[in-house]
Amino acid sequence: MEPPRTLSSLLSDAGWARDLAPAERERVAAETIERRVASGGYVCRKGEPVDHWIGVVDGLVKMANVTPEGKSTTFTGVPAGGWFGEGSLLKDEPRRYDIVAMRDTRVALMPRATFQWLLETSLAFNRYLLVQLNERLGQFIGMVETERFHDPEGRVARCLAMLYNPQLSPGIGARLEISQEEIGLLAGVSRQRVNQALQALERAGLLSVEYGAVSVLDLEGLRAFGS
DNA sequence: TCATTAAATTGTT
DNA sequence: AACAATTTAATGA
């Protein structure tokens with residue numbers, strides 16, 4: 001049923017690659033490499049120089065920051081089909097966050113030079129980055145101005161709305177492969193609470209829960225839930 | 001292909 | 001946190 005996720009499918013499904021000429025697409029594919037990261041491993045670490053724009057071919061990663069005392073704060077997750085790191089790449093600064101694989105994951109590494117070249121030549125690429133930056137900004141503003149942090153339903157709803165973004169991953173269907181435990185790690189909620197919250201959100205008609213996955217039925221409803 | 005088993009995930013307490 | 005129930009994946013005949 002589900003086609004296997006590959007580097008080439010990630011590149012062909014990506015919204016920013018749609019308008020590329022065949023030759024341009026070939027160049028991107030030739031210069032982008034794939035790397036496996038075991039569950040719990042670092043894709044990249046805070047403070048490292050930024051040499052790549054990174055896409056998630058398969059799996060799930062989280063952007064997090066750990067204090068020396070070991071307390072970790074997770075900012076957001078990136079599912080298969082998502083790209084990240086453009087902020088540090090554009091500003092030419094060291095990596096600001098740790099990127100940790102939440103399960104066995106394959107990532108695509110696009111060299112800085114390729115990124116720059118796309119930035120200068122592709123309108124679709126610029127549009128994609130604009131939408132992505134704006135989308136993130138909106139989500140973080142929502143997090144700041146909302147008081148709903150404390151109830152699990154709001155946190156889970158917000159977390160899923162951030163993960164499932166069809167605007168950034170047009171090829172992705174409504175189905176989001178993620179376990180309730182992983183949602184708990186991202187939302188900062190216990191797995192049990194995630195379970196309860198998902199059932200409540202399902203009753204509200206916003207999503208449907210499946211084994212090892214959830215299907216988003218009403219993205220706007222999810223976003224509005226925490227506000 | 002089917003039956004059995006192990007592993008992962010879910011739902012409840 | 002612990003437990004049972006359910007689903008999926010793996011194995012071998």
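Just so we're clear, the structure is a prediction, and the values are computed from it rather than from any experiment.
Under a 4.0 Å N-O distance rule, the pair A/Arg112/A/Asp92 qualifies as a salt bridge. The residues A/Arg136 and A/Glu86 are annotated as salt-bridged, a charged nitrogen and a carboxylate oxygen being separated by less than 4.0 angstrom. The pair A/Arg95-A/Glu48 does not meet the salt-bridge criterion, since no charged nitrogen lies less than 4.0 angstrom from a carboxylate oxygen.
For A/Glu210, the side-chain hydrogen bond (donor to acceptor under 3.5 Å, both in side chains) criterion is met by A/Arg175, A/Ser215, not counting sequence neighbours.
Less than 4.0 Å separates DNA chain B from at least one heavy atom of each of the following residues of residues 198-214 of chain A: A/Gln199, A/Tyr211, A/Gly212.
A distance below 6.0 Å separates the ring centres of A/Trp53 and A/Phe125.
Atom CD of A/Glu181 is surrounded by 12 or fewer heavy atoms from other residues, nucleotides or ligands within 6.0 Å.
For the pair A/Arg27 and A/Trp117, the cation sits on the ring face: its NZ or CZ lies under 6.0 Å from the ring centre, inside 45° of the axis.
When rounded to the nearest whole Å, the span between CD of A/Gln180 and C1' of C/dA1 equals 17 Å. Note: CG (A/Asn195) to C1' (C/dA1) measures 15 Å, nearest angstrom.
Protein chain A contacts DNA chain B from B/dA8 to B/dT13, reading 5' to 3' and using non-hydrogen atoms of the protein with a distance under 4.0 Å.
Using modelled atom types, one side-chain atom of A/Asn126 and one backbone atom of A/Ser122 make a donor-acceptor pair closer than 3.5 Å.
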